**Student:** 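My questions all concern the structure below.
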There are 2 protein chains.
Amino acid sequence: MKKRAYNFYAGPATLPLPALKIAQKELLDFNGTGMSLMELSHRSKGYAEVHTQASNLVRELMRIPDDFKILWLQGGASTQFYMIPLNLQKQGKPMEYVNTGAWSKKAIKEGKFYGDVKVVASSEDENFSYIPSDIKFSDNAAFAHITGNNTIYGTEYHEWPKVPDDVPLACDMSSNIMDKVIDSKKFGVIYAGAQKNIGPSGVTLVIVREDLFDRVPENTPTMQKWKTHMEKDSLFNTGPCWAIYMCKLSLDHLKGLGGVTAIEKINRKKAKILYDTIDKSNGFYKGHAKFGSRSLMNVTFNLKTPELEEKCVKEALGRGLVGLKGHRSVGGMRASIYNAMSIEGVQTLADFMKEFQENNQ
Amino acid sequence: MKKRAYNFYAGPATLPLPALKIAQKELLDFNGTGMSLMELSHRSKGYAEVHTQASNLVRELMRIPDDFKILWLQGGASTQFYMIPLNLQKQGKPMEYVNTGAWSKKAIKEGKFYGDVKVVASSEDENFSYIPSDIKFSDNAAFAHITGNNTIYGTEYHEWPKVPDDVPLACDMSSNIMDKVIDSKKFGVIYAGAQKNIGPSGVTLVIVREDLFDRVPENTPTMQKWKTHMEKDSLFNTGPCWAIYMCKLSLDHLKGLGGVTAIEKINRKKAKILYDTIDKSNGFYKGHAKFGSRSLMNVTFNLKTPELEEKCVKEALGRGLVGLKGHRSVGGMRASIYNAMSIEGVQTLADFMKEFQENNQ
């Protein structure tokens with residue numbers, strides 16, 4: 001086997017090695033069934049246990065209150081972009097969004113298919129390098145929507161905006177779910193494509209407060225309603241069993257580390273290593289995100305020229321540091337350092353960055 | 001490792017053992033990348049090759065003409081139940097369905113959200129034990145829809161109904177895709193949840209004729225349009241990479257066996273072994289499906305009493321023959337013998353059935 005790469009991809013992304021090893025070991029014979037988990041009926045007892053365990057782990061790790069339901073859906077956050085306004089709309093009430101980048105924009109676009117959309121704050125004026133601080137949602141909003149972390153720009157909410165009492169806050173946490181302790185009660189809906197912080201691609205975690213399932217119009221196709229999936233515990237139809245199983249293994253691992261409290265400490269340490277490297281480089285590396293908005297998960301930065309950036313990405317690759325090219329819409333470099341990235345991996349990158357700077361100053 | 005079970009689940013179902021072995025071997029290090037396939041960016045070269053190979057295998061094995069596009073989507077056939085009428089509707093034209101069972105009914109139900117639905121033939125009068133032979137679609141239908149194989153009732157089309165020239169035929173082949181050679185040109189849309197005959201759950205294969213992408217209304221949310229996915233070769237957003245990879249491995253294996261022509265012969269042999277066992281049992285076993293409509297994939301039958309059926313399922317399980325309980329809506333027993341089920345497995349089941357009959361007559 002080749003030496004394991006340090007994988008800085010923005011998603012799908014690195015997974016905990018112990019989880020992968022269990023998956024490998026069990027691949028041909030899950031739990032003494034003589035079958036792969038992929039071959040088990042979604043109605044079988046063997047799979048049912050995995051399904052329940054995955055949901056229970058989410059509830060436990062995020063301290064999700066009992067009046068929230070946990071759904072495992074398909075179609076990515078991109079599908080939730082329309083399921084949110086479809087399922088949360090209220091006749092005559094505006095749907096309010098904060099625009100903090102490409103993913104917010106996509107969410108906003110889909111909202112418009114279902115009613116009146118208001119963008120109440122935006123950081124587009126400075127190329128999405130910050131999280132707006134003066135966010136005010138209306139009292140009569142059907143819902144409020146934010147993007148918890150902006151993978152492309154490397155910004156993240158470190159304080160949640162205030163929301164009027166009766167307005168549910170929906171948050172896309174695809175790239176920062178479980179990166180730090182949050183108060184789940186503040187939200188009406190939390191959703192996340194699994195492939196960045198909790199599992200592989202192919203499943204979307206959607207956490208919805210109970211009272212929000214009944215807003216959806218009656219004449220809505222069955223699969224588009226959260227309620228359909230809630231009523232059958234995400235087994236209305238055959239779900240992405242393998243992806244849910246991998247989430248279960250990855251969350252088991254997180255629990256073993258000490259849960260979200262423990263990983264938050266590690267994440268802060270990892271982010272500090274890289275931001276310190278950038279800040280102490282005398283401008284050789286320039287961070288994209290403003291100080292108070294810096295993401296714990298995606299560290300974005302530029303070098304002096306695109307040529308130098310390309311060289312840096314290439315040399316890093318030669319050292320087994322993979323996936324550091326920035327998103328095409330901002331250029332530069334991006335290190336995605338999700339929960340499964342080790343401090344050692346981040347330190348290796350920081351050491352490389354210092355060395356690269358010395359050699360290319 | 002426990003002895004491998006003979007897995008007769010209706011889906012998720014048995015997969016080719018050689019494909020599972022490759023997946024296991026590559027799980028920690030895909031193709032020398034030092035990463036699992038699950039950890040690769042969907043935009044990486046490593047994954048892109050898998051994606052393209054999977055599509056190419058479908059095209060080759062099913063002899064799909066160039067004017068069809070191959071999509072890998074999420075949400076199961078249940079999602080296609082609404083995407084079909086949404087994407088194929090034509091103002092003022094009826095959408096026409098044949099009702100051959102539970103899955104047809106679900107498709108019909110979703111059609112009604114998008115316009116005028118006509119059920120032109122049904123076998124509900126005899127508990128869906130046959131495929132109607134007198135199917136006539138209207139010249140002005142927006143599209144015609146059939147369910148190629150009925151997993152629950154064990155019936156299958158062995159001849160395709162005639163469809164007027166300008167009416168595209170949409171077929172749900174979730175449980176019989178690639179079970180026999182078909183003339184793909186007869187169809188406008190072929191779709192299939194992968195988890196029965198070509199892979200694990202979590203991905204849906206959708207094959208659409210090029211001219212059909214432009215019917216969808218403009219004000220349709222992005223993810224609901226086939227066109228969105230077609231234009232980006234199913235990479236508009238992050239797809240279910242692992243499930244597509246498993247399809248690729250399973251189709252590689254099918255190709256190695258000699259493709260659909262070869263598997264059709266094997267499937268006919270397998271089905272004959274079981275139907276012969278039923279027919280020669282002097283009524284101890286009673287097949288549900290009528291002769292001309294019998295499925296190659298799901299063999300459904302009853303014993304004299306529910307108690308005897310339960311005993312039979314239980315004793316079979318003791319022999320490593322798993323998943324033989326019939327669907328709750330018809331009861332009895334069901335042996336799902338998809339492409340990945342071996343002749344040996346089917347013969348073992350037939351031998352057990354004869355023995356059980358002798359001991360319980």
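Being a predicted model, the structure only gives us computed values, none of them experimental. First the proteins, then the strands, lettered A, B, ... as listed; each starts at 1.
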**Student:** Is any side-chain heavy atom of B:Trp242 closer than 4.5 Å to a side-chain heavy atom of A:Met38?
**Tutor:**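 Of all side-chain heavy-atom pairs linking A:Met38 with B:Trp242, at least one is under 4.5 Å.
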**Student:** Check ring pair (Phe, Tyr, Trp, His ring centres under 6.0 Å) between A:Phe236 and all other residues, then give those that pass, not counting sequence neighbours.
**Tutor:**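 For A:Phe236, no residue satisfies ring pair (Phe, Tyr, Trp, His ring centres under 6.0 Å) once neighbours in sequence are set aside.
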**Student:** Answer yes or no: does atom NZ of A:Lys225 have more than 12 heavy-atom neighbours from other residues, nucleotides or ligands under 6.0 Å?
**Tutor:**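 Counting neighbours around NZ of A:Lys225, more than 12 heavy atoms of other residues, nucleotides or ligands fall under 6.0 Å, so yes.
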**Student:** Around atom CD of A:Glu49, are there more than 12 heavy atoms from other residues, nucleotides or ligands closer than 6.0 Å?
**Tutor:**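 Atom CD in A:Glu49 is packed in, count exceeds 12.
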**Student:** Measuring from atom CG of A:Leu37 to atom CG of B:Leu20, what distance do you get when rounded to the nearest 0.5 angstrom?
**Tutor:**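 It comes to 11.0 Å.
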**Student:** Look only at the side chain of A:Asn7 and the backbone of B:Met35, and say whether a donor-acceptor pair between them is shorter than 3.5 Å.
**Tutor:**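 No, because the side chain of A:Asn7 does not come within donor-acceptor range (under 3.5 Å) of the backbone of B:Met35.
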**Student:** Would you confirm whether B:Glu110, through its side chain, and A:Pro221, through its main-chain N or O, come within 3.5 Å as a donor-acceptor pair?
**Tutor:**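 Judged by distance alone, no pair lies under 3.5 Å.
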**Student:** Would you mind telling me which of A:Lys109, A:Gln195, A:Arg43 has the largest number of heavy-atom pairs within less than 4.5 Å of chain B?
**Tutor:**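 So the answer, after comparing A:Lys109, A:Gln195, A:Arg43, is A:Gln195.
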**Student:** The criterion is ring pair (Phe, Tyr, Trp, His ring centres under 6.0 Å); which residues satisfy it with A:Tyr97, sequence neighbours excluded?
**Tutor:**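 Here the qualifying residues are A:Phe143, A:His145.
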**Student:** Would you say CD of B:Glu310 has more than 12 non-hydrogen atoms from neighbouring residues, nucleotides or ligands within 6.0 angstrom?
**Tutor:**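 Counting other residues, nucleotides and ligands, CD of B:Glu310 stays at 12 neighbours or fewer.
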**Student:** If you check every heavy atom in residues 74-82 of chain B against those of chain A, which residues fall under 4.5 Å?
**Tutor:**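 Hits under 4.5 Å: B:Gln74, B:Gly75, B:Gly76, B:Ser78, B:Thr79, B:Tyr82.
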**Student:** Is B:Arg4 close to A:Glu39 at the side-chain level, that is, under 4.5 Å between some pair of heavy atoms?
**Tutor:**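 Counting from C-beta outward, A:Glu39 and B:Arg4 do come under 4.5 Å.
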**Student:** Return the option, out of B:Leu40, B:Asn219, B:Val322, with the maximum number of heavy-atom pairs under 4.5 Å with chain A.
**Tutor:**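 Answer, by heavy-atom pair count under 4.5 Å with chain A: B:Leu40.
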**Student:** Calculate, to the nearest 0.5 Å, the distance between atoms CE and NZ belonging to B:Met223 and A:Lys106 respectively.
**Tutor:**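 Going from CE on B:Met223 over to NZ on A:Lys106, the span is 9.5 Å.
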**Student:** Let me check something: any side-chain donor-acceptor pairs from residues 243-252 of chain B under 3.5 Å, sequence neighbours excluded? List them with distances.
**Tutor:**
| residue | atom | partner | partner atom | Å |
| --- | --- | --- | --- | --- |
| B:Tyr245 | OH | B:Glu26 | OE1 | 2.5 |
| B:Lys248 | NZ | B:Gln53 | OE1 | 3.4 |
| B:Lys248 | NZ | B:Asp252 | OD2 | 2.9 |
| B:Ser250 | OG | B:Ile198 | O | 3.0 |

**Student:** Show the nearest heavy-atom pair for residues A:Gln224 and B:Tyr114, with the distance to one decimal.
**Tutor:**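 Residues A:Gln224 and B:Tyr114, closest heavy atoms: NE2-OH, 3.5 Å.
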**Student:** Looking only at non-hydrogen atoms, find the nearest pair between B:Lys25 and A:Gln24 and report the distance.
**Tutor:**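 Smallest interatomic distance, heavy atoms only, reads O-NE2, 3.9 Å.
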**Student:** If you count heavy-atom pairs under 4.5 Å with chain A, which of B:Thr33, B:Thr220, B:Leu73, B:Val203 comes out on top?
**Tutor:**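 Counting heavy-atom pairs under 4.5 Å, the top option is B:Thr220.
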**Student:** Can you tell me which of A:Gly320, A:Gly199, A:Ala10, A:Ala13 forms the most heavy-atom pairs within a distance under 4.5 Å of chain B?
**Tutor:**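 Most pairs with chain B among the choices: A:Ala13.
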**Student:** Treating A:Ser201 as the side-chain partner and B:Cys241 as the backbone partner, does any N or O pair qualify as donor plus acceptor under 3.5 Å?
**Tutor:**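 The answer is yes, because a donor-acceptor pair under 3.5 Å joins these two groups.
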